[in-house]
Chemist: 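One structure follows; several queries about it will come next.
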Amino acid sequence: MRLPRKTSARPIRRLRRADLPVDTIELARYLIGKTLVHDTARGRLSGRIVETEAYPVGDAAAHHFRGMTPRNRSLFLQRGFAYVYFTYGSCFMMNVASEKPGVGAGVLIRALEPLEGLELMARHRGAARLRYLARGPGRLAAAMRIDKRYDGIDLCAAGPLWLGAAVKAAGPVGCSVRIGISRETNRAWRFYERGSGYVSGPKRLRA
DNA sequence: TATGCGATATTCT
DNA sequence: GAATATCGCATAG
């Protein structure tokens, strides 16, 4: 006799590097529906990735465009490594490096549907409503307690911050221009789960 | 719901 | 010294 399947009790499978597409745009599309997990001393924080943006090779809006600097060097690591940086005086943001080692490119993780550790996330965010806990890259980093310490770490290794397989299959994936940039603004390199209330941006970029 | 604006610190010019 | 892959609050409709 089979026991009923309880998603919450099933361990999340870690993604291996071989699971990740090398191509930046394919990786951005692939990550929709996958899980981001942070195992902290106080418990597990996790969420479904519902929004990403690709910053591929030769993209003038990308941090790696003008070559390697002390800040952006993690973007030149092999795929599956984290690039975390600080901006606007208040926000950390996390990218997953893509392409081959030595090539600068990455995928910005922009929003999560929170799964585990909701109370902890709310505490990190100052008691925001569920829908806004990790909606937007800065909020996501705050909720998941991701900061500069994680810059350059391997998200496919046995560390505290890692990528997991999908807990729930992704719905239809939409595609649009990217948010908050002033160059290459016509490129449709943003991906999101259609209709999800956890996706950032104006309504027309969520449908 | 939509738009506007100030805060904030690190990086690069 | 300028720019920035944003957020949260204020205000208006």
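All chains are named by letter (A, B, ...) in the order of the sequence lines, taking the proteins before the strands, and each is independently numbered beginning at 1.
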Chemist: Please give me the minimum heavy-atom distance between A:Ser200 and A:Arg110, naming the atom from each residue.
Modeler: OG-NH2, 3.2 Å

Chemist: Would you mind telling me which residue lines up with the more 5' stretch of DNA chain B, A:Thr69 or A:Tyr88, judged by nearest nucleotide?
Modeler: A:Tyr88

Chemist: Decide salt bridge (charged side-chain N to carboxylate O under 4.0 Å, His left out) for A:Asp151 and A:Arg71; before the verdict, give the C-alpha distance in whole Å, the side-chain angles of both, and the deciding distance to 0.1 Å.
Modeler: CA-CA 9 Å; A:Asp151 182 39; A:Arg71 174 170 72 154; over 6 Å; no

Chemist: Quick one: does NZ or CZ of A:Arg178 land under 6.0 Å from the six-membered ring centre of A:Tyr55, within 45 degrees of the ring axis?
Modeler: yes

Chemist: Is there aromatic stacking of A:Tyr55 on C:dA5 here, judged by a ring-centre distance under 5.5 Å and a plane angle under 30°?
Modeler: yes

Chemist: Base, sugar-phosphate alone, or nothing: which one does A:Leu108 contact when heavy atoms must sit under 4.0 Å apart?
Modeler: base

Chemist: Do A:Lys34 and A:Tyr30 form a cation-pi contact, if we require the NZ or CZ to be under 6.0 Å from the six-membered ring centre and within 45 degrees of the ring's axis?
Modeler: yes

Chemist: Under a 3.5 Å cut-off for both distances, is C:dA2 Watson-Crick or wobble paired, and to whom?
Modeler: B:dT11

Chemist: Which part of the nucleic acid, if any, lies within contact of A:Arg183, taking any heavy atom under 4.0 Å across all strands shown: a base, the sugar-phosphate backbone alone, or nothing?
Modeler: nothing

Chemist: At 4.0 Å (heavy atoms only), tell me whether A:Asn95 reaches a base, stays on the sugar-phosphate, or touches nothing.
Modeler: base

Chemist: Would you please confirm or rule out a distance under 4.0 Å between OP1 or OP2 of B:dA9 and any side-chain N or O of A:Thr87?
Modeler: no

Chemist: Which residue lies toward the 5' end of DNA chain C, A:Val107 or A:Arg125, if each is placed at its nearest nucleotide?
Modeler: A:Val107

Chemist: Would you say a side-chain N or O of A:Arg135 is under 4.0 Å from OP1 or OP2 of C:dC7?
Modeler: no

Chemist: Tell me what A:Arg178 touches on the nucleic acid: a base, only sugar-phosphate, or nothing, going by heavy atoms under 4.0 Å.
Modeler: nothing

Chemist: Reckon A:Arg110 has a side-chain N or O less than 4.0 Å from the OP1 or OP2 of C:dT6?
Modeler: yes

